[in-house]
Every structure is written in C-alpha cells, then in structure tokens.
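Presented below is the structure to which this report refers.
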Amino acid sequence: MINSIITPKLNYPHHTKQDNIHMNLSESTLNNLVQNFTYPIELKQIHANLIKSSVSPSILPLKKVTSVCALTTNFSYAQQIFRCLNKPEVIFWNCSLRDFAESKNPFNAILLFYQMREHNVCIDSFTCSYVLKACKELHDLVHGRIIFSYIEKLGYQKDLFLMNLVVHLYASCGDFDGARMLFDQMVEKDVVTWNIMITHLVKRGDVDGAYELFKEMPERSVRSWTSMIAGFVQCCRPKDALGVFVEMEEAGFRGNEVTVVAVLAACADVGDLDLGKRIHQYSNRMGFERNIRVCNTLIDMYIKCGCLDAARGVFREMKKRTVVSWSAMIQGLAMHGAAEEALKLFSEMIQTGVRPNDVTFIGLLHACSHMGLVNAGREFFASMNTDYGITPRIEHYGCMVDLLSRAGLLQEAREFIRTMPIQPNGVVWGALLGGCQVHKNIELAEEAIKHLQDLDPLNDGYYIVLSNIYADAKRWEDTARVRKLMRDRGVKKTPGRSIVTIKGAVHEFVAGDDTHPQSNEIAQTWDELLQLMKSKGYEPNTDVVLLDVEESEKEKFLYRHSEKLALVSGLINTSEGETVRIMKNLRVCEDCHAAFKVISEIVDREIIVRDRNRFHCFKQGSCSCGDYW
DNA sequence: GGAGTGTTTC
C-alpha cells in the first residue's frame, strides 16, 4: 500500500528557460540572481554559479529555496542544497511540506513525507503536524492513521499540539468515536482539546453533549464560550445561545468578532432587537465595524428584527461588501415586501462587479414571489444559468412554484413541477398547496397533499392548509376527514406561539393562553378594542377555526390567537405611538391579518409582525404585504 | 516552522 504511494509524482510546471548565467558575478547581479528563480532548474543553475564563484549557497533566500525544492523530483539534489545551508535539514523539508499542505494539491505533502522517510531524513513533530494538516485538507484518514502510527513510534503522543491535531483530524474525517477515544485517553488536555471536542459534538447535532463537556472543562477561553454560543445557534437553540452569552459576560469574558457574530445570529433568530442593538454598540466600541462578517450579521439581525432602515444603514456604511452582504440585503428587502428595491439593489450589485451566487437568486426569486412579479421571476430564473452559470437548486424550484402558485398560475406551476429535472421535495409541493389555498383549487390541493403525505408526513402545516381549503368550501366532512387523518398518523398541530418584547423582556403567548399575569387586563382591553373594530367593519372570520364547535365558541378561540394576545399585551405595556413588534412561529392567520390592519388604524401605531415567511408592517389600516402573502 | 470559534437560503 505504502509502496504505491511512495513513488513520487510531484507535479511542477515544465520549465524551458535556458538562460546562461554569467560566470563573473558582480554583487548586484548576484543579489538579483539569488532572488529571482521560480523553478528547480533555475535554482540549479544559480547554485552552480555560486560554487564556481566560491560564494556560499547560504546566501540563498531560505523560504524560496524550500518552496522551489518542494517542486523538484530530484530529492537527492534538494537534500544536497539543504545540507549546505547550515541548519538541520528537516527544517527545510518542513517548510516545503507546509507549502504543499497549504497548496491546491495537499497530497504532494503526503508524497513528500514518504520521500523523506525513504531518504532517511529525521522527521520531527513539525513534520507530522504539516502532514496531518494535509490529511485534514484531503479528508484522508488512511494516511492520517499512518502518520499517527509514526507519532506513536517516535514517542510524540505526549505532544499536546500534535495530539490535538490528530483528534481534530479523526473527528473531522467522520471517526468521531476514534477521536473521543483518544480524547478520553489523553492524560494532559488543554483548552484547545476541549474546544475541538465541543465543536465536533455540535457538528454531530449533539449540542447538549457539547454543553456537558463545556461545563466539565477546567478552564474556558473566549473561543470556548464562542464555540458554545455558535453551537446553540447552529442547533436552532438561539435562546440557549443567549443564555450562554449572559453567563460568559458574568464570567467576565469579553467577546471578540466571532462572538459578536454568533450572538447577533441568536438575536436575529429570536428577534431580540434590544440585545442586538447593544451588541452593535459594543461591536463599534471594540472597532469591529470594518469586519465584513460582523456587518453582514448585523444586516441580517436588523432585518429579522424588522428594522429595515437600520439594516440599510449598516449596508450603506460598509466600505467593502461581499456577495453575502448584497444577498442578505436583497433577501431582507424581499422579506419586507420591498421587491422593487431588491431588484434595484441587484442591478447595483452587478454594476459594482460583484458576482451573484445561488443564494442571491433565492432572495431575488423570493422578492418576486412576494410581490407577484411573475415575469421578472421567470427571467431571473432563466438568467441564473444562462448569464451566471448557476445551476438552480431545489430551493430555486421551490421559489418558482411559489411564485407561480401565489400568482394563481396553478396549472403552470403543476406543469413546472412535472418538468423539473430534479425530484420535487415537500417544499415544492407545499408551495403549490399554498397557492391552492389562496386560489381555491381543491383538486390540485388534493394532488399536492398526496405527495406531501409521503415526502413530509409529520408536517402538520400541510394538513391544516388542506383542511382550511375544505372549510372554505364548506366541505365540513372532508375537514373532519383530514383531522382524523392527522390523529391516525399521530400528527400534532404545532401550537401557534407569538412573542413580543417589552422593555427588553420577552413575553411569549401560546394560542388560548391565560397564564400571563396580565391576562385579565388583556381580555378586557381586547373586548374594548373589538367594539371599535366592529364599528370599523371588522368581521370575525371563524372559518379559520378548525374545531367542530358552535360559532360563538369559534369566535372565542379566534380572539385568543397568540398574535392577538401578544399584540394587546404590547399595546398595554408600551407608550402611545410606539411600534409594537411581534414574532410568530407560524404564518399569521387570515383573521389576525384583517384584525391587525383595523387595529393599526384605531390605535394609530405601527405593528410589525414577523411570521414564518416574511414581515407584515401594519400601518393606518393597511399592510405592507398588500394582502399578497 | 504547527491547533480550536463566525456571515446570506422557499
């Protein structure tokens, strides 16, 4: 096995330059000469001239010699040069190894390692570290294990640095159990060892296991805290992430740029604008405002907290922007229904010379579908491939089906799915189903649900939509049938949850919630509000209540939807004129949407609701979505 | 001459 690997095939560009180098070298030409060589053959010529002129080869620039020697197929020759440079030979090889490990073809580092063994170069711990690095780049556990056997043979198991590399390599090549075993066996561990394990536990989705280790570790660095915060964010537990952040502050640690990014991401997820703003100020105080990733995350945070203007501000202030900055902004404008501006921003981005990526197009298509820009959407979809060589992913197909379905082009959407080159997923059929609800097409909805029962059988949302469609058509028996189907399959309806932040404190409401300390006051205010709403023409839409109960009972359920409770609580606890921001885990219900429009006029306030899909900004009796959602 | 944390997604 090893023998086949030993045969070196180090590729280097063939060089044909045959300059004759003059025999009598002036000092300046000498200097010029020893600095200007790129290929082994040039080095050889220079070397020859140095010998002829009795100049010591040690004047050769070491870094250059090593990188050029790394290219040579003539190992013995390189060895000869290294030996006359008055330093341990292995140092030069290690430099070459590092260059290879960091190059586009890290496998050369592994080949070089075997050549070193073959030529009896004494390898040291640095040699091992560079080859391990190459193995990691290549995801090559086979050679990784071989290097580890050398480490054991040479007695380097006590080298913490190397052991950390090995643990990291094993874990990132999929042998987590092997990594864990090494970790458990290691007598001495440092912060890095623990951090590596925490990171990999998170990557496997075991964030609780990661937190156990985190609590167990004898000392923590900012990186440990950051890894833990980022870990909770990655595992969709932003509240726990913020909890760890609070602990970190209490422990007296101050976050770096990476911490800021992780915490801001958590703020974005839970919609904690107050904390987000505080982190923004901290970040500026620390001088992080020039960090592009920090700014990108700030944009995303402000967008997801409903502050489009603040996001625009951060975006405009950025000295440098990457495709991520533009894409985040385009996506944000899409979420807020500002399709025109999103499209304008895209043109601006192209003019600036930034190449869009696949995510940029998801944002663009998203913008088109939210505002019914069917033709623009179709053009963008075609242009992805023709103009930018980006192959549409399933997400793009999902956007297109969403765009067509919402616009009422249900047959075209169906045909689009039929001719898709990739297998449609639940999101694709779900988009069609959503369009069927808006445009009341029972037949296609039934077809969509057939596919969804296989593709995403436990997703309650789809059954609810179908049963809503039946309810809308007054087909109560079918409604009941769908609900029975859900019961039989053990599909539980996800309870609607809404949160509203009042003076920095998060208040969460579940539909029908009467556990809130202010629940009496909320009910009373609602009753008063309801009278005013009805006088303005609001009529409760009880069709959205899928319970088999009396009409008056249905109204009671309707009035205790989580977003209504959250809104009333927000109105009671904030001052006049203040904007109320609400976050909902599901899509906002049709009745609540109608109610919020009227309420925004009655109380003369802006109400911003972030639902699962997008933002609704209610103001003076209308919504920013233009009722197209 | 060597290690561990971060941004946009229907």
Side-chain angles (χ1 to χ4, degrees), chain A residues 62-63 66 87-88 90-99 101-102 124-133 136 159-169 171-172 190-200 202 221-231 233-234 255-265 268 288 291-301 303-304 322-332 334-335 356-363 365-366 369-370 393-403 405-406 425-428 430-431 434 612-614:
Chain A
L62 300 185
K63 234 188 118 39
T66 57
K87 268 194 182 179
V90 67
I91 291 186
F92 305 109
W93 289 118
N94 286 347
C95 292
S96 304
L97 276 176
R98 188 199 48 204
D99 288 346
E102 287 167 359
D124 65 6
S125 66
F126 284 85
T127 316
C128 297
S129 80
Y130 295 127
V131 188
L132 286 173
K133 184 172 185 175
K136 205 192 104 196
D159 186 323
L160 198 47
F161 211 103
L162 273 186
M163 287 309 290
N164 285 345
L165 273 173
V166 175
V167 170
H168 186 48
L169 175 72
S172 56
D190 63 3
V191 190
V192 178
T193 328
W194 290 88
N195 289 353
I196 291 168
M197 289 309 286
I198 287 171
T199 306
H200 284 287
V202 167
S221 64
V222 175
R223 279 192 185 217
S224 321
W225 288 98
T226 307
S227 302
M228 208 53 246
I229 295 168
V233 173
Q234 279 155 26
N256 60 22
E257 278 114 316
V258 185
T259 325
V260 163
V261 167
V263 179
L264 286 173
F288 299 161
N291 182 311
I292 298 184
R293 288 190 184 189
V294 167
C295 293
N296 292 346
T297 319
L298 272 171
I299 291 173
D300 189 51
M301 183 276 293
I303 282 165
K304 293 196 176 140
T322 63
V323 64
V324 176
S325 330
W326 292 92
S327 303
M329 203 58 219
I330 289 171
Q331 158 65 16
M335 267 187 103
N357 63 14
D358 47 349
V359 184
T360 320
F361 279 98
I362 293 175
L365 294 175
H366 206 173
S369 89
H370 279 322
R393 290 192 282 129
I394 191 77
E395 286 84 351
H396 300 95
Y397 287 98
C399 284
M400 282 308 286
V401 174
D402 189 42
L403 169 75
S405 309
R406 276 173 203 269
N425 64 5
V427 177
V428 171
R612 198 188 192 132
N613 262 355
R614 59 166 296 153

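Throughout, protein chains are lettered first and strands after them, A, B, ... in sequence-line order, and every chain is numbered starting at 1.
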Assign [X] to base, sugar-phosphate, or nothing according to its heavy-atom contacts below 4.0 angstrom with the strands shown.
| X | result |
| --- | --- |
| A/Thr193 | nothing |
| A/Cys399 | sugar-phosphate |
| A/Leu162 | base |
| A/Asn291 | base |
| A/Asp159 | base |
| A/Ser221 | base |
| A/Val401 | nothing |
| A/Glu102 | nothing |
| A/Ile362 | base |

Can you check whether any acceptor in the base of [N] is under 3.5 Å from a donor in the side chain of [X], or vice versa?
| X | N | value |
| --- | --- | --- |
| A/Thr297 | B/dT7 | no |
| A/Thr259 | B/dG6 | no |
| A/Asn296 | B/dG6 | no |
| A/Asp99 | B/dG1 | no |
| A/Arg223 | B/dG4 | yes |

[N] [atom2] sits how many Å from [X] [atom1], rounded?
| X | N | atom1 | atom2 | result |
| --- | --- | --- | --- | --- |
| A/Glu257 | B/dG4 | CD | P | 18 Å |
| A/Arg393 | B/dT9 | CZ | C1' | 6 Å |
| A/Leu165 | B/dG4 | CG | P | 7 Å |
| A/Phe161 | B/dG1 | CZ | P | 13 Å |
| A/Asp190 | B/dG2 | CG | C1' | 13 Å |
| A/His396 | B/dT9 | NE2 | C1' | 8 Å |
| A/Asn357 | B/dT7 | CG | C1' | 12 Å |
| A/Arg612 | B/dT9 | CZ | P | 15 Å |

Does the side chain of [X] get closer than 4.0 angstrom to OP1 or OP2 of [N] through an N or O atom?
| X | N | value |
| --- | --- | --- |
| A/Lys136 | B/dG4 | yes |
| A/Gln234 | B/dT5 | no |
| A/His168 | B/dA3 | no |

Considering only side-chain heavy atoms of [X], which listed nucleotide, [options], is closest?
| X | options | value |
| --- | --- | --- |
| A/Val261 | B/dT8, B/dG2, B/dT7 | B/dT7 |
| A/Val191 | B/dT7, B/dG2, B/dG4 | B/dG4 |
| A/Ala328 | B/dT8, B/dG4, B/dT9 | B/dT8 |
| A/Val258 | B/dG4, B/dG6, B/dA3 | B/dG6 |
| A/Ser227 | B/dT8, B/dG2, B/dT5 | B/dT5 |
| A/Val359 | B/dT5, B/dG2, B/dT8 | B/dT8 |

Quiz item: Do A/Val222 and A/Val258 have side chains that get closer than 4.5 Å, going by heavy atoms?
Solution: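 Sidechains of A/Val258 and A/Val222: no contact.
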
Quiz item: Are A/Ser224 and A/Ser227 side-chain neighbours, meaning at least one heavy-atom pair lies under 4.5 Å?
Solution: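 A side-chain contact under 4.5 Å is absent here.
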
Practice problem: Carefully, step by step, assess A/Val427 and A/Ile394 under the rule side chain to side chain contact (heavy atoms under 4.5 Å, CB included). | Solution: CA-CA 9 Å; A/Val427 177; A/Ile394 191 77; over 6 Å; no

Self-check item: Partner set under salt bridge (Lys or Arg N to Asp or Glu O under 4.0 Å) for A/Arg393, not counting sequence neighbours
Solution: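 So A/Arg393 forms a salt bridge (Lys or Arg N to Asp or Glu O under 4.0 Å) with A/Asp358, A/Glu395.
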
Exercise. Examine the side chains of A/Ser369 and A/Asp402 and answer whether a donor and an acceptor come within less than 3.5 Å of each other.
Key: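 Result is yes, a qualifying pair exists.
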
Practice problem: Examine the side chains of A/Thr193 and A/Asp190 and answer whether a donor and an acceptor come within less than 3.5 Å of each other. | Solution: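 Indeed, the side chains of A/Thr193 and A/Asp190 share at least one donor-acceptor pair under 3.5 Å.
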
Exercise. Step by step, work out the side chain to side chain contact (heavy atoms under 4.5 Å, CB included) result for A/Leu365 and A/Met400.
Key: CA-CA 7 Å; A/Leu365 294 175; A/Met400 282 308 286; 4.0 Å; yes

Quiz item: Using centres under 5.5 Å plus planes under 30 degrees as the test, is A/Tyr130 stacked with B/dG1?
Solution: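 The base of B/dG1 is not stacked with A/Tyr130 (the test needs centres under 5.5 Å and planes under 30°).
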
